[in-house]
**Student:** 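Shown below is the structure under consideration.
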Amino acid sequence: MRFSEAFLDELRSKNDIETVVSSYVQLRRSGRLLSGLCPFHGEKTPSFYIYPETQSYYCFGCGAGGDVITFIRTAENLSYADAVQLLANRAGMAMPEDQVDDGTVALRKRCYAANREAAKFFHTQLHSDMGKEGLAYFLSRGLQPATIRHFGLGFAPNEWTALTKHLRSLGFRDDELIQFNLARKSKNGGAYDAFRNRVIFPIIDLQGNVVAFGGRVLDDTKPKYLNSSDTIAYKKSRGVFALNFAKNSDEKELILCEGYMDVIALHQAGFTNAVAGLGTALTEEQALLLSRYAQQVNICYDSDEAGRKAAEKAVRVFSKINVKIKVLQLSGGKDPDEIIKNHGPEKMRAILSGAMNDTEFQLSRAKENLSLETEDDKLSYANEAVKILASVPNPIERDLYASKISEETGVAKPTILAQIDRQRRNHQKNKQKEQFLSIEKEMSSFAKSEFYPPGTPVRTRKAEEQLLASLFHSPDFLQVACADLQGTDFSSQTNRTIFERLTALIAQSHHPSIHDFNDCLTPSEMGHLSKILSSSEKLGNSPKECRDCVCVIKESPSSIPPTGAGHLSDDEFLKLFHK
């Protein structure tokens, strides 16, 4: 989809990248740049930078980059046009009417519309004769009519094509319903409902669109829960149930539950900051999303062994992200729904106030099934505790827990602290080794980048990137040094696209910027372009340098040294680009 340059200029001027990104990331000024923890991958040391002068960003950790539109595309999992729409709404701007749709936006809107109509259908069925059993189920679980309406809960009739027939009557085609995961393709080529004889939980994104559904059976049929698969409007690994409500809570923390009913019961009891994952183990994408809306996440999984193991995994996921974690120890019921039903909201508040931090939780798990009455058990616990405390960065916290471990095991505190220090030194050595491997990997990525065909020589790749950066900086070099260069000369399709757009812009006497490429590059490719531009300060910025790059690009691959930098000496590596 294309928008006019005037519209996009106004959009960006009203959506300063620092202001937009700061609502997702805590930024700190670093000279003329701004830095923070990347919202697109887990890290505890900032590698994410904002460049105010060019209104762009780049993460040196994961390679994400682009401008404010790219940022919103990636952060909210939106198409280019939808990201523009969100920023236009944010700035109070009307979308232009002369848009050129490539089909993707129209299809996504069609999916939203079908899901919205399906949600209305399911909710209506819940209050019909066909849905009596479903309504009775929700009422038996203690849900009030207002809660049922608030969450838009529904019922899928015990018929093969009830929803399909309804949506057909509204103009939706069978192939669309199958693509949107509302129907399945039958053996004879027709369509039948994906959800049948189940109570329905609509899943709503942060913009208020119905994007998917979860369905629960009313008996012992397997599977107990059925969840929508990924579609053009929905990706399960990024979705969080009820975050559309919880993000508006006054609380600065979230309660992360296992299931839909736990979340709904908590909301009804006044805990409107409760959310849940969507049928899968917690993903890093979900954890990053939660960290944008809370300073603390309280993990509230079931009290059985499966719930405790899931909590352990969640703690490990959150450990990579800069967010405070606490783990609730449920009592008086196996889950929040049961606890509230049996003991009321007060009991849940008490459990929340007594939640353990991640260190306490890991220590309690290490102590399970150990009596600490035998020397073997004490030794096992002390060794596990040392491993856990070695990862605690705060020395005061380490000292405090070392005292407790000493009391529980009878091992002298200095001995415990000495073992912790030894573990930390080993961790530091491993970290340094990882950093070295990371640098080595970054160097070898010249030959392994997703943006280049396998076997592309290091020298060729570097020449292409250096030339593109030079043309951004000095567009007049195009005529001076690149007169005989064609887009087809580039080994990388992405670089070819960038060069061809650059050529067109320069021919129009337009000084190119990163903003000119949003509509022709994916977010990943925008990150590649940001990386290229972030290295522009190292350019010699001369026509001769550009001509040298052109020669490298056009020369025969057979005369270029083998791919990869690992086998080269330091002198050979430095000579790669100065033949």
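Predicted model, so just to flag it, every value in this text is computed and none were measured.
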**Student:** Check step by step if ring-ring contact (aromatic ring centres under 6.0 Å, His included) holds for Phe40 and Phe71.
**Tutor:** CA-CA 10 Å; Phe40 306 126; Phe71 182 87; 5.3 Å; yes
**Student:** Please check if the side chain of Asn298 supplies one atom and the backbone of Glu253 the other of a donor-acceptor pair under 3.5 Å.
**Tutor:** no
**Student:** Side chains of Glu43 and Ser47: is there a donor and an acceptor less than 3.5 Å apart?
**Tutor:** yes
**Student:** For residues Asn158 and Arg196, is any side-chain donor paired with an opposing acceptor at under 3.5 Å?
**Tutor:** no
**Student:** Quick check, are the ring centers of Phe48 and Phe60 under 6.0 angstrom apart?
**Tutor:** no
**Student:** Assess, by modelled atom type and distance only, whether the side chains of Tyr192 and Asp174 contain a donor and an acceptor separated by less than 3.5 Å.
**Tutor:** no
**Student:** Of all the heavy-atom pairs spanning Gln286 and Gly277, show the shortest one and how long it is.
**Tutor:** NE2-CA, 4.1 Å
**Student:** Can you tell if the side chain of Asn518 reaches within under 4.5 Å of the side chain of Met526, non-hydrogen atoms only?
**Tutor:** yes
**Student:** How about Gln207 and Glu76: do any of their side-chain heavy atoms sit closer than 4.5 Å?
**Tutor:** yes
**Student:** Restricting to ring-ring contact (aromatic ring centres under 6.0 Å, His included), what partner residues turn up for Tyr401, sequence neighbours left out?
**Tutor:** none
**Student:** Ser530 and Ile514: which non-hydrogen atoms are nearest, and at how many Å?
**Tutor:** OG-CD1, 3.2 Å
**Student:** State, without any angle test, whether Lys236 and Thr283 hold a side-chain donor-acceptor pair at a distance under 3.5 Å.
**Tutor:** no
**Student:** Check whether the ring centres of Tyr49 and Tyr58 lie less than 6.0 Å apart, and answer yes or no.
**Tutor:** no
**Student:** Salt bridge (Lys or Arg N to Asp or Glu O under 4.0 Å) for Glu305 and Arg365? Distances and angles first, verdict last.
**Tutor:** CA-CA 11 Å; Glu305 181 59 20; Arg365 288 289 283 166; 3.2 Å; yes
**Student:** Over all heavy atoms of both residues, which pair between Val317 and Ala287 is shortest? Give the atoms and the distance, please.
**Tutor:** CG1-CB, 3.7 Å
**Student:** Kindly indicate, with the supporting measurements, whether the criterion salt bridge (Lys or Arg N to Asp or Glu O under 4.0 Å) is fulfilled by Glu384 and Lys387.
**Tutor:** CA-CA 5 Å; Glu384 285 301 312; Lys387 293 177 184 177; 3.4 Å; yes
**Student:** Is the shortest heavy-atom distance from the side chain of Gln55 to the side chain of His515 under 4.5 Å?
**Tutor:** yes
**Student:** Please tell me if the side chains of Ser79 and Arg108 come closer than 4.5 Å, counting only heavy atoms from C-beta onward.
**Tutor:** yes
**Student:** Only counting residues at least two apart or in another chain, list the ones meeting side chain to side chain contact (heavy atoms under 4.5 Å, CB included) with Ala194.
**Tutor:** Arg184
**Student:** Let's go through Glu312 and Lys309 carefully: what are the C-alpha distance in whole Å and the side-chain angles of both, what is the deciding distance for salt bridge (Lys or Arg N to Asp or Glu O under 4.0 Å) to 0.1 Å, and is it a yes or a no?
**Tutor:** CA-CA 5 Å; Glu312 276 189 285; Lys309 285 184 177 179; over 6 Å; no
**Student:** Could you tell me if the side chain of Leu226 sits less than 4.5 Å from the side chain of Arg216, heavy atoms only?
**Tutor:** no
**Student:** Can you label the angle between the Tyr225 ring and the Phe201 ring as parallel, tilted or perpendicular, going by 30° and 60°?
**Tutor:** tilted
**Student:** Before giving the answer on side chain to side chain donor-acceptor pair (under 3.5 Å), spell out for Asp262 and Tyr301 the whole-Å C-alpha distance, their side-chain angles and the decisive distance to 0.1 Å.
**Tutor:** CA-CA 9 Å; Asp262 291 329; Tyr301 288 172; over 6 Å; no
**Student:** Say whether, by atom type as modelled, one donor and one acceptor occur between the side chain of Asp16 and the main chain of Arg12 under 3.5 angstrom.
**Tutor:** no
**Student:** Would Phe213 and Phe122 count as a ring-ring contact (aromatic ring centres under 6.0 Å, His included) here? Give the steps.
**Tutor:** CA-CA 10 Å; Phe213 298 93; Phe122 289 139; 5.4 Å; yes
**Student:** Both conditions, 6.0 Å and 45 degrees, for the charged tip of Arg110 above the ring of Phe172: are they met here?
**Tutor:** yes
**Student:** What are the two closest non-hydrogen atoms of Ala274 and Ala242, and how far apart are they?
**Tutor:** O-CB, 3.8 Å
**Student:** Taking all non-hydrogen atoms of both residues into account, name the closest pair between Tyr112 and Ala233 and its distance.
**Tutor:** CE2-CB, 3.5 Å
**Student:** Do Leu135 and Phe155 have side chains that get closer than 4.5 Å, going by heavy atoms?
**Tutor:** no
**Student:** Does a salt bridge link Lys326 with Asp358, judged by any charged N lying under 4.0 Å from a carboxylate O?
**Tutor:** no
**Student:** With the side chain counted from C-beta on, respond yes when Cys38 and Cys62 share a heavy-atom pair under 4.5 Å apart, and no when they do not.
**Tutor:** yes
**Student:** Under 3.5 Å, is there a donor-acceptor pair between the side chain of Asn244 and the main chain of Gly208?
**Tutor:** no
**Student:** With a 4.5 Å heavy-atom cut-off, do Cys111 and Thr231 have their side chains touching?
**Tutor:** yes
**Student:** Do the side chain of His528 and the main chain of Thr494 share a donor and acceptor less than 3.5 angstrom apart?
**Tutor:** no
**Student:** Taking the six-membered ring for Trp, is the centroid-to-centroid distance between Phe151 and His267 below 6.0 Å?
**Tutor:** yes
**Student:** For Ala183 and Thr164, which heavy atoms make the closest approach, and how far apart are they?
**Tutor:** CB-OG1, 4.0 Å
**Student:** Is the distance between the ring centroids of Phe245 and His150 under 6.0 Å?
**Tutor:** yes
**Student:** Examine the side chains of Tyr57 and Glu18 and answer whether a donor and an acceptor come within less than 3.5 Å of each other.
**Tutor:** no
**Student:** Are a donor atom and an acceptor atom from the side chains of Glu397 and Thr359 found within less than 3.5 Å of each other?
**Tutor:** yes
